[in-house]
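See below for the structure under consideration.
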Amino acid sequence: MDKLYDQMSFVLSGGALQMLVDFLAPRVESALIACPKGEDLDILDALGVRTDELVLHGRAGELASVFPNRPLTEKFELTQAQMDAEIFDVQWKWVIRIRGRLWSVYILLQNRADGALLMEISQTAGLVALWQTHLQVEAMEDRLSRLSYTILATKSTLASVFEPMPIDSCVAFFTDVLRESLFPLSVTIFKDNGSELVFLKGDDNTPPLREGFYTQVYLPPTPVFTHNTKELREIVIPLVEPYRLFCVTKWGSVPTEETLNFMELLGNIAQRALSIQYLRLESGKEQKQINADEFLLFSLTKARGLLNAQKNIEDLLNLGISTFAEFAVICKCFLVAWDDNAFAYAPVAYHDASLASQFEPNILVAHSMFQGDGELLTDLKNTDFSDFLNGHVSPWPEMSGMRYLFPFWDGESLEGFIAMSDDDISDNRLAALQILAQFIANGLKKFLA
């Protein structure tokens, strides 16, 4: 039994090829034994001839074309065909094919094998069939093992990729899954910023040129071969929604169909996860904006009540500038009001980072010269404050760097204003400040009536 086991182990581990070579050696002058692998022919052995190549690139189809295309009715089949000199090398004029359902082995000969030789080869062909079938089973087991692993990887990916995470974390996770599940030579993700591709995460920080494939608008998240040579294969998974991302992978050999399918699955999962994260982010921003708007509305309502409750103009202005500074957050604020006693404009308060500053009350006269049309906001960014003062020079250094001006108009007369520095401020908060300035202006009208 041990001897039989050793013999079968020898045959299944490649001994069948050696037995075929030993059989042919005394019977033919020269021969080439080859096996198709994709579009190429792998040379398994050679007799009476020297070959410098182990792979005949792109020749598998040529050999297959000389045999009739018919279904296999036995476990394996042995047939012979004459070669066309224009199709294959002149040296080989005849070929014997031993084939099974999923495999083929070719014996290239210079001369035609007679019936007796074919009959003898058929006995060894059975061992070749056992060997090739065993290799197919091993390959199938290997594919099933990889498939099982990728299914497990998909399970782990699904459990994590839809968790809330920023885009950088999501991209890093996707890169790790591809690298650890499929083992490419490299994995890199680039982002299209509209003019060039920018490195985000991965092994190669040199981005490809933004041209051709990378400029297409509509791209499904399916693997695309962008470079395919004998030495290197480059496959890109585009993730264009909601961001324009490109996952560039490089391989030493052509990935299997299962690998390409898994890459497509991961591409769809990644794009869906990125879209969900984007929607979450936008929803969160909208909710924060709603909450901020609600807080502003509540604060405006409270401020109006406090301003209306003041008993004199001094308390109104002091409360107005402090409330305005709170609403403006980090802006510098400067309040100026008309002083009937001095018959001139005088500064009331200056706030820098919510701290009041003391200063000498320089004044500006000519109250009746300032005519207005009721505007609540003036943007000084592209104008001069002296234009607003009808050519008068401002006596207040606190006006330096101010951008927004909120005038208090009483009919056609300017009763004062609040100036605010050029800090970054949202449109909603700027609108709230306009309303607050109007509350202060209405309070001034009450005391000046």
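Both backbone and side-chain heavy atoms feed into the values below; hydrogens, waters and symmetry mates do not. Quick caveat: nothing in here was measured; it's all calculated off a predicted structure.
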To the nearest 0.5 Å, what is the distance between [atom1] on [X] and [atom2] on [Y]?
X	Y	atom1	atom2	answer
N111	S30	CG	OG	8.0 Å
R97	Y106	CZ	OH	5.0 Å
F334	E398	CZ	CD	4.5 Å
L274	E241	CG	CD	10.5 Å
R59	L108	CZ	CG	9.5 Å
D168	L200	CG	CG	7.0 Å

**Prompt:** Looking at residues at least two apart in the chain, or sitting in another chain, which of them share a side chain to side chain contact (heavy atoms under 4.5 Å, CB included) with A172?
**Reply:** K201
**Message:** Can you confirm whether or not the ring centre of F324 sits under 6.0 Å from the ring centre of F406?
**Reply:** yes
**Asked** What about the rings of F246 and Y214, do their centers lie closer together than 6.0 Å?
**Response** yes
Is the backbone N or O of [Y] less than 3.5 Å from a side-chain atom of [X], with the two atoms forming a donor-acceptor pair by type?
X	Y	answer
T175	V171	yes
D40	P36	no
E234	T249	no

**Pairs flagged by side-chain hydrogen bond (donor to acceptor under 3.5 Å, both in side chains) wherever residues 187-197 is involved - sequence neighbours left out** = D192-R210, D192-R244, N193-S195
**Asked** Does R179 come within less than 4.0 Å of D176, counting only side-chain N to carboxylate O?
**Response** yes
**Asked** Got a salt bridge between E77 and R70, using NZ or NE/NH1/NH2 to carboxylate O under 4.0 Å?
**Response** yes
**Message:** Could you tell me if R112 sits above the aromatic ring of W94, with its cationic atom closer than 6.0 Å to the ring centre and no more than 45 degrees from the axis?
**Reply:** yes
**Asked** Hey, are the side chains of F213 and P208 touching, using non-hydrogen atoms and a 4.5 Å cut-off?
**Response** no
**Prompt:** Should L319 and L306 count as side-chain neighbours, where that means a heavy-atom distance under 4.5 Å?
**Reply:** yes
